[in-house]
Amino acid sequence: MPELPEAETIVRDLRRRILGATIGGVEVIHPDILAPGLTAVKFAERVVSYTIAEVERRGKNVILVLDDNRHVITNLGMTGRLVVSDSPHASQMRHVAIRYTLDDGRALLFDDSRRFGRVAVLDSENFRAWSASLGDEPLSNDFTPERLFEITRGSRTPIRNWLLDQRRIAGVGNIYANEALFRARIRPDRPAKDLRREETDRLHQALRGVLTDAIAARGTTLSDYRDGNGETGGYEPMLQAYGREGEPCPRCGATIERIVLSNRSAFFCPECQL
DNA sequence: AACGCGCCCTGTCCGC
DNA sequence: TGCGGACAGGGCGCGT
């Protein structure tokens with residue numbers, strides 16, 4: 001389940017490997033992963049013969065900036081992978097939705113078994129509007145403790161749900177939301193606006209810490225995530241609460257509980273998360 | 001208008 | 001061994 005750290009890992013891999021490559025052709029095997037209204041023909045017209053000038057990330061999205069300044073936005077959804085064909089595991093990609101042929105003979109594969117992923121191509125003006133619709137980058141300098149306190153005011157939604165809303169903070173999914181709340185010792189079902197300043201300060205630090213550590217470990221692999229080389233991430237053994245229902249809390253030894261918020265599991269320690 | 005919920009989709013796991 | 005059902009949850013459309 002690619003979140004910010006997994007997208008960042010993929011971006012760094014792709015930046016190193018395909019920056020400056022020209023897209024010679026594109027094959028859309030599963031057109032349903034194209035953004036609404038985008039046909040395979042239009043998609044090909046907008047990417048073929050252009051050079052990949054930059055590789056960037058916005059939230060959980062991987063962005064290829066082409067040399068005509070169009071932006072190819074890939075949302076990886078639950079099971080999306082972006083893998084270069086000469087990496088050792090490329091042959092294992094069994095659900096390739098898009099194959100970009102590169103002029104150096106390699107290919108960039110977008111593999112997505114569940115096809116929850118989406119690919120869009122936007123010019124720079126529409127890209128700016130799209131980017132503006134997303135919330136703060138949690139690792140940016142603009143995302144300060146004051147800022148987190150301010151933007152949590154006025155929302156009664158449980159803080160775990162609040163963290164998942166990409167319009168508020170971009171890049172946090174269920175795994176790192178739960179891990180950050182564990183680190184910050186805050187229950188996932190607390191209404192966002194009820195958090196005191198000292199608690200949003202802890203959450204700010206925990207969120208950035210969890211995301212930074214996960215990037216350093218090249219992401220979390222539960223089942224589907226692969227980096228740009230097709231390799232698994234290393235953060236999973238470091239998860240302290242997510243997926244650990246019934247296991248002892250690594251901080252206090254109490255039993256980790258699972259509750260459901262908005263049809264999504266939340267894991268927490270009932271003793272040391274308040 | 002903020003918020004919750006159901007849906008999309010398939011691989012995996014579990015019980016029988 | 002096979003199979004049905006539960007489960008995973010990002011994002012979006014819709015209803016309240």
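Numbered from 1 within each chain, the chains take letters A, B, ... in sequence-line order. Note that the structure is predicted; figures quoted are calculated from it, not measured. Only heavy atoms go into these numbers, but all of them, side chains included; no hydrogens, no water, no symmetry mates.
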Whichever hydrophobic residues join A:Ile259 through chains of side-chain contacts under 4.5 Å: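 Members alongside A:Ile259: A:Leu261, A:Phe268.
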Linked hydrophobic residues, A:Leu109 as query - side chain contacts closer than 4.5 Å: A:Ile29, A:Val83, A:Met93, A:Val96
Sugar-phosphate, base or nothing in reach of A:Arg156, heavy atoms under 4.0 Å: sugar-phosphate
Sugar-phosphate only, base, or nothing, as touched by A:Arg168 at under 4.0 Å among non-hydrogen atoms: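 Sugar-phosphate contact only - A:Arg168 comes under 4.0 Å of backbone atoms but never of a base.
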A:Val172: which of A:Leu207, A:Leu4, A:Val210 passes side-chain contact (heavy atoms from CB on, under 4.5 Å): A:Leu207
Where protein sits on nucleotides 11-16 of chain C, one letter per nucleotide: B base, S sugar-phosphate only, - none, heavy atoms under 4.0 Å: B-----
Straight-line distance of A:Leu102 CG to A:Asp86 CG, nearest 0.5 Å: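 Atom-to-atom, A:Leu102:CG and A:Asp86:CG are 9.0 Å apart.
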Check ion pair A:Arg15-A:Glu56 (N to O, under 4.0 angstrom):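 Result for this pair is no, no salt bridge flagged.
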Take the protein atom [atom1] of [X] and the nucleotide atom [atom2] of [N], then report the distance between them rounded to whole Å.
| X | N | atom1 | atom2 | answer |
| --- | --- | --- | --- | --- |
| A:Asp111 | B:dG11 | CG | P | 10 Å |
| A:Glu245 | B:dC13 | CD | C1' | 15 Å |
| A:Asp112 | B:dC8 | CG | C1' | 12 Å |
| A:Leu134 | C:dG10 | CG | C1' | 13 Å |
| A:Arg115 | B:dC7 | CZ | C1' | 15 Å |
| A:Ile159 | B:dA2 | CD1 | P | 16 Å |
| A:Leu34 | B:dC8 | CG | C1' | 16 Å |
| A:Ile175 | C:dG10 | CD1 | C1' | 12 Å |

Nucleotides 5-8 of chain C: which of its N/O atoms have a protein N/O under 3.5 Å away?
from: C:dA8; atom 1: OP1; to: A:Ser265; atom 2: OG; distance (Å): 3.2
from: C:dA8; atom 1: O3'; to: A:Tyr242; atom 2: OH; distance (Å): 3.4
from: C:dA8; atom 1: N1; to: A:Arg114; atom 2: NH2; distance (Å): 3.2
from: C:dA8; atom 1: N3; to: A:Arg114; atom 2: NH1; distance (Å): 3.0

A:Arg167 atom CZ: more than 12 heavy-atom contacts under 6.0 Å: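 12 or below, so no.
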Of residues 89-100 of chain A, the positions that come close to DNA chain C - non-hydrogen atoms, cut-off under 4.0 Å: none
All pairs passing side-chain hydrogen bond (donor to acceptor under 3.5 Å, both in side chains) where residues 264-274 of chain A contributes a residue, at least two apart: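 Applying side-chain hydrogen bond (donor to acceptor under 3.5 Å, both in side chains) to every pair that reaches into residues 264-274 of chain A, excluding sequence neighbours, yields A:Arg258-A:Ser265.
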Qualifying side-chain hydrogen bond (donor to acceptor under 3.5 Å, both in side chains) pairs with a residue from residues 173-182 of chain A, counting only residues at least two apart or across chains: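 The answer is A:Glu6-A:Tyr176, A:Arg160-A:Asn174, A:Asn174-A:Asn178, A:Tyr176-A:Thr220.
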Which atom of A:Leu181 lies closest to which atom of A:Pro188, heavy atoms considered: CD1-CA, 3.8 Å
So which pairs with a foot in [range] pass salt bridge (Lys or Arg N to Asp or Glu O under 4.0 Å), sequence neighbours left out?
| range | answer |
| --- | --- |
| residues 64-77 of chain A | A:Asp68-A:Arg70 |
| residues 248-257 of chain A | none |
| residues 32-54 of chain A | A:Asp32-A:Arg115 |
| residues 201-212 of chain A | A:Arg197-A:Asp201 |

Base-pairing string, 5' to 3', of DNA chain B - Watson-Crick or wobble, under 3.5 Å, | interstrand: .|||||||.|||||||
Under-4.0 Å side-chain N/O to phosphate OP1/OP2 contact, A:Thr157 with B:dG4: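 Yes.
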Under 4.0 angstrom between A:Ser155 side-chain N/O and B:dC3 OP1 or OP2: yes
Ring-ring centroid check A:His204 A:Phe143, cutoff 6.0 Å: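 Ring centres of A:Phe143 and A:His204 closer than 6.0 Å.
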Distance, C1' atom - from C:dC12 to B:dG11, rounded to whole angstrom: 23 Å
